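The structure displayed is predicted, hence computed values, not measured ones. Convention: sequence-line order gives letters A, B, ...; per-chain numbering from 1.
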2 protein chains.
Amino acid sequence: MNQLDDALQQADQASTRAGLKLTPKRRHLFSLLLASDTPLSAYELADRFKDSFGQAIPAMSVYRMLDFLTENNLAHKLTSENKFVSCAHSTCNHAHQVPQFLICERCHQVKEVGIKKEVFDALRESVDSAGYSLREAQLELKCLCAACAEATE
Amino acid sequence: MNQLDDALQQADQASTRAGLKLTPKRRHLFSLLLASDTPLSAYELADRFKDSFGQAIPAMSVYRMLDFLTENNLAHKLTSENKFVSCAHSTCNHAHQVPQFLICERCHQVKEVGIKKEVFDALRESVDSAGYSLREAQLELKCLCAACAEATE
DNA sequence: AAGATAAATGATATGATATATCATTAATTA
DNA sequence: TAATTAATGATATATCATATCATTTATCTT
């Protein structure tokens, strides 16, 4: 079984456990995100959905399904790009951490890594010392991936 | 002289030194950002521009002026909000640091603090260890400000 | 199983954000 | 002062996102 099917199967199981309704369409949308090596916009997803599923789907529905996926940590929205990616932890049992996205400026691939505890602590400390309380953090960092860094030299 | 005028004057001087053309319209747009206690969208700025300057201005021009302001570190774009704020350091001689924005979820006020060296180092280290190289960081953190945290309790 | 209820999706319209492009005006410079 | 460049205007359109009401599908209750 390939990686994608494996990931989907794990999402199925996780959804069942959590009592979530990963409907065929939501599942298919999720598979499109899983299969993509770059983030996709809602409209790009609608196009791919039609191409691969043979059925046109309104943008409204795509946004709703993306809401479902992001609310249930199967996907994330990259606010700096207005695009969506599958969650790197959707297929494992890792507790969901503060996500940190390394976005390659050149090839647009994204790597999601969990934020390190020391970074988080330092961040929270700096927020506290400004008199604020942290509610939610999602770090999006503009980077070059190794391949692109090499190509750019 | 009030704070706003003072800030503008410092921006004038800094622009002159740097050979930037802070035209009357750019300057006025900047003053709108300085005067606002919350981030503003380009279209909100266009409205305020008309209201306060007596002259309608096309959205395109607002975006161009915002490009100028952001490129020259007089303003920042908050990508998670699609809104713009004046730079907290536009009026001082601080070297421009990696900005960290504390955005109050409730009242939408934003506090810009410089990222602490330890946070930055830890961040860079985590990026490096993922095989990426950091190009640009702008942290946008969803928080509650002190006043709103109290009101919410 | 039948009907009631709720959840998901479709259809349509529209709002909000942003950029492309060419024309015009203003500033700079040769 | 003419030539050139930079800034802004005008217009159109692309792109991202949500509001709202209708319809279909799933789930629950009896």
I'd like a table of donor-acceptor pairs (distance under 3.5 Å, sequence neighbours excluded) in which one partner is a side-chain atom from residues 20-41 of chain B, with atom names and distances.
| unit_1 | atom_1 | unit_2 | atom_2 | d |
| --- | --- | --- | --- | --- |
| B:T23 | OG1 | B:R26 | N | 3.3 |
| B:R26 | NH1 | B:K21 | O | 2.8 |
| B:R27 | NE | B:D12 | OD1 | 2.9 |
| B:R27 | NE | B:D12 | OD2 | 3.1 |
| B:R27 | NH2 | B:D12 | OD2 | 2.8 |
| B:H28 | NE2 | B:S52 | OG | 2.9 |
| B:S31 | OG | B:H28 | O | 2.7 |
| B:S36 | OG | B:T38 | N | 3.2 |
| B:S36 | OG | B:T38 | O | 2.5 |
| B:S41 | OG | B:Y43 | N | 3.4 |
| B:S41 | OG | B:E44 | N | 3.0 |

Check your understanding: OH of A:Y63 versus P of C:dT17: gap in Å, rounded?
Key -> 13 Å
Study note, to complete from the structure: Axis-to-axis angle across the helix from C:dA1-D:dT30 to C:dA30-D:dT1, five pairs each end, nearest 10 degrees, ~ 30°
Review point. For B:L66 and D:dA7, what is the distance between atoms CG and P respectively, to the nearest whole Å?
Key: 15 Å
Study note, to complete from the structure: With B for base contact, S for sugar-phosphate-only contact and - for none (protein heavy atoms under 4.0 Å), nucleotides 7-14 of chain C reads SSBBBB--
Check your understanding: OP1 or OP2 of C:dA18 less than 4.0 angstrom from a side-chain nitrogen or oxygen of B:K77, does that happen here?
Key -> yes
Practice item. Under the salt bridge (Lys or Arg N to Asp or Glu O under 4.0 Å) rule, what do B:K142 and B:E81 come out as? Steps first, then yes or no, please. Key: CA-CA 11 Å; B:K142 291 288 192 305; B:E81 312 273 303; 3.5 Å; yes
Review point. Expressed in angstrom and rounded to an integer, what is the separation of B:D47 atom CG from C:dG15 atom C1'?
Key: 14 Å
**Study point:** Result of checking B:V62, B:D47, B:L45 against B:I57 for side-chain contact (heavy atoms from CB on, under 4.5 Å)
**Key:** B:V62
**Study point:** Test log, rule side-chain hydrogen bond (donor to acceptor under 3.5 Å, both in side chains), inputs A:Q138 and A:T79
**Key:** CA-CA 9 Å; A:Q138 172 170 310; A:T79 65; 5.4 Å; no
Check your understanding: Can the ring centroids of B:F84 and B:H76 be said to lie less than 6.0 angstrom from one another?
Key -> no
Review point. What integer distance in Å separates A:L40:CG from D:dA17:C1'?
Key: 17 Å
Check your understanding: Taking only N and O in the side chain of A:N82, is any of them less than 4.0 Å away from OP1 or OP2 of D:dT15?
Key -> no
Review point. Within a radius of less than 6.0 Å around CD of B:Q55, do more than 12 heavy atoms belonging to other residues, nucleotides or ligands occur?
Key: yes
Review point. Can you check the A:L78 CG to D:dT15 C1' distance for me, whole Å?
Key: 17 Å
